[in-house]
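Reminder, nothing fancy here: chain letters follow the sequence lines and each chain counts from 1.
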There are 2 protein chains.
Amino acid sequence: MTLTAAVPSGERNRVQNRAHVPLAVSTVIFALRPHPETGLSTLWLPLVRRIRDPFEGLWALPGGWVRADESLADAAARNLLETTHVRPAYLEQLYAFGDVDRSPTGRVVSVVYWALVRAEQIEREPEGENVRWVLADELPELAFDHNLIVEYALWRLRTKVEYSRIAQAFLGETFTLSELRHVHEAIRGVALDPANFRRQMLSGDALVVTDERVTGGRHRPPRLYRYDTSIELADNGPLPPYRPEGNRS
Amino acid sequence: MTLTAAVPSGERNRVQNRAHVPLAVSTVIFALRPHPETGLSTLWLPLVRRIRDPFEGLWALPGGWVRADESLADAAARNLLETTHVRPAYLEQLYAFGDVDRSPTGRVVSVVYWALVRAEQIEREPEGENVRWVLADELPELAFDHNLIVEYALWRLRTKVEYSRIAQAFLGETFTLSELRHVHEAIRGVALDPANFRRQMLSGDALVVTDERVTGGRHRPPRLYRYDTSIELADNGPLPPYRPEGNRS
DNA sequence: ACAAAAGTGTTGATGATACACCCATGA
DNA sequence: TCATGGGTGTATCATCAACACTTTTGT
């Protein structure tokens with residue numbers, strides 16, 4: 001019996017001239033925008049039209065091949081930038097999809113990332129012909145196994161928003177507790193008690209009160225809060241968090 | 001600007017003759033065995049000695065290249081079988097490690113799985129010269145980034161044992177609540193109150209009481225329990241669970 | 001004054017923890 | 001009868017959901 005250790009040497013591979021499984025990266029990109037009917041903040045994501053077989057004409061997740069000189073996360077950030085022209089406020093690996101028959105034209109393994117971006121940063125950019133933003137809960141039929149992938153990404157987002165601080169990624173530098181609550185409500189799809197939500201957020205140490213208030217509403221002016229940037233948005237255990245272009249010591 | 005949809009066609013790839021990043025699978029395999037000093041149940045994992053560069057002579061996680069005709073999970077289960085001669089009681093994807101410089105001899109992306117196996121099934125097999133079981137918390141220096149990978153796997157295991165039923169994977173068909181508690185204690189490294197542990201387990205609907213009891217101990221004979229097999233060990237959201245050789249709808 | 005949202009206080013349900021105590025067996 | 005773990009009962013405490021109520025603004 002032969003045992004091969006985890007990362008076999010490049011030499012051996014070349015000697016055996018073994019063909020490798022093609023490796024792609026795709027990204028599920030979430031943003032909050034008003035629902036076309038209700039006007040309420042809702043989850044949207046960008047799709048890309050396929051311009052060749054398989055699934056020509058169908059919509060699919062943005063993605064592409066992994067280049068030899070970029071990490072997986074960098075590849076995801078790159079095709080996110082190419083699709084939306086913004087950098088992600090949050091980026092996390094979702095899953096590696098590797099079933100043999102997930103593409104009809106030959107084996108492909110896709111490492112999928114999911115990202116949160118701020119809507120204001122993209123709203124001004126006109127959508128290209130081949131990019132379309134759609135409601136995350138009302139997807140058309142997508143190419144490959146991308147419907148399942150989006151479902152899983154949505155599940156992770158909704159699960160994770162309850163025990164991490166990723167909701168921050170949808171907001172700017174400072175924000176009111178109402179704005180933060182609306183983000184949670186949009187993602188989870190339920191109304192939350194303002195009083196209890198306030199206490200939950202303030203009981204942790206992630207929020208920092210500022211002196212500023214927002215005036216102009218016809219009601220008591222709310223305080224502005226800021227996130228403690230020394231605390232990560234999510235706990236990845238021993239894995240270093242993704243930093244757009246910094247070092248990850 | 002060019003946009004490429006998530007899984008590019010095989011055709012295009014062949015036309016451009018683009019070299020793909022080598023793709024490997026590694027597996028962190030956990031089993032419970034007595035600690036050599038204290039005798040208490042402890043986490044162990046098997047390592048494989050590297051027999052060629054890079055890192056020749058160092059220990060590493062079991063792994064190998066992904067074959068064209070097997071899914072990622074099947075590849076993990078295969079090299080797990082080759083290393084330990086058993087099938088996993090639990091198998092889950094951990095993470096895809098894809099930093100450019102993680103191997104000194106050329107780019108390799110590793111999709112890593114983690115698995116739980118039952119110690120009784122392997123104890124009789126003699127260890128090969130190139131396989132060695134070590135305490136999960138006292139690892140030697142490993143090849144590549146494998147120390148980080150094991151740390152992350154341990155973190156996931158310890159986090160997940162608290163909100164899922166994966167502890168079952170270490171036990172047989174039936175078991176006493178003591179045995180189940182000892183599994184939790186071994187993984188989490190803390191003593192648990194037997195009375196409260198009992199209630200926690202029985203409050204869910206995952207445990208099924210049997211009529212049988214275990215006699216022979218010099219104390220009141222404990223009841224045997226069984227897991228409700230219609231409930232998955234862990235909630236993967238919309239993703240289908242891994243089944244050793246069954247179909248996943 | 002009134003509407004609307006900000007913000008505070010209070011109560012009751014629920015769940016976890018600590019620990020006292022009884023039970024059933026082997027030696 | 002004693003030691004050992006199995007198993008039950010219960011008081012205490014922290015957490016959370018529900019909701020009444022006060023505060024501060026714009027109109």
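Along DNA chain D, the nucleotide closest to A:A195 and the one closest to A:G216 are compared, and the more 5′ of them pairs with A:A195. Comparing A:N196 and A:H219 by the nucleotide of DNA chain C that holds the closest heavy atom to each, the one mapping nearer the 5' end is A:H219.
Between B:R181 and the phosphate of D:dG6, there is a side-chain N or O to OP1/OP2 separation shorter than 4.0 Å.
Within 4.0 Å (heavy atoms only), A:S178 reaches sugar-phosphate atoms of the nucleic acid but no base atom. Among the atoms of the strands shown, only primed sugar atoms or phosphate atoms (P, OP1, OP2) are found under 4.0 Å from some heavy atom of B:R223.
You'll find the ring centres of A:Y152 and A:W114 outside the 6.0 Å limit. Checked against a 6.0 Å centroid threshold, the rings of A:F175 and A:Y227 count as neighbours.
One atom, CZ of A:R198, and another, C1' of D:dA17, lie 17 Å apart when rounded to the nearest Å. The interatomic distance linking B:D193 (CG) with D:dT10 (P) rounds to 17 Å, in whole Å. Between the CG atom of A:L192 and the P atom of D:dA18 there is a distance of 10 Å, rounded to whole Å.
Residue-to-nucleotide contacts include a donor-acceptor pair under 3.5 Å from the side chain of B:R199 to the base of D:dG9.
Out of C:dA18, C:dG7, C:dT25, the shortest distance to the side chain of A:R220 is found at C:dG7.
Using a cutoff of 4.0 Å between basic side-chain nitrogens and carboxylate oxygens, B:R226 and B:D211 are not scored as salt-bridged. Checked for salt-bridge contact, A:D235 and B:R156 miss the test: no charged N lies under 4.0 Å from a carboxylate O.
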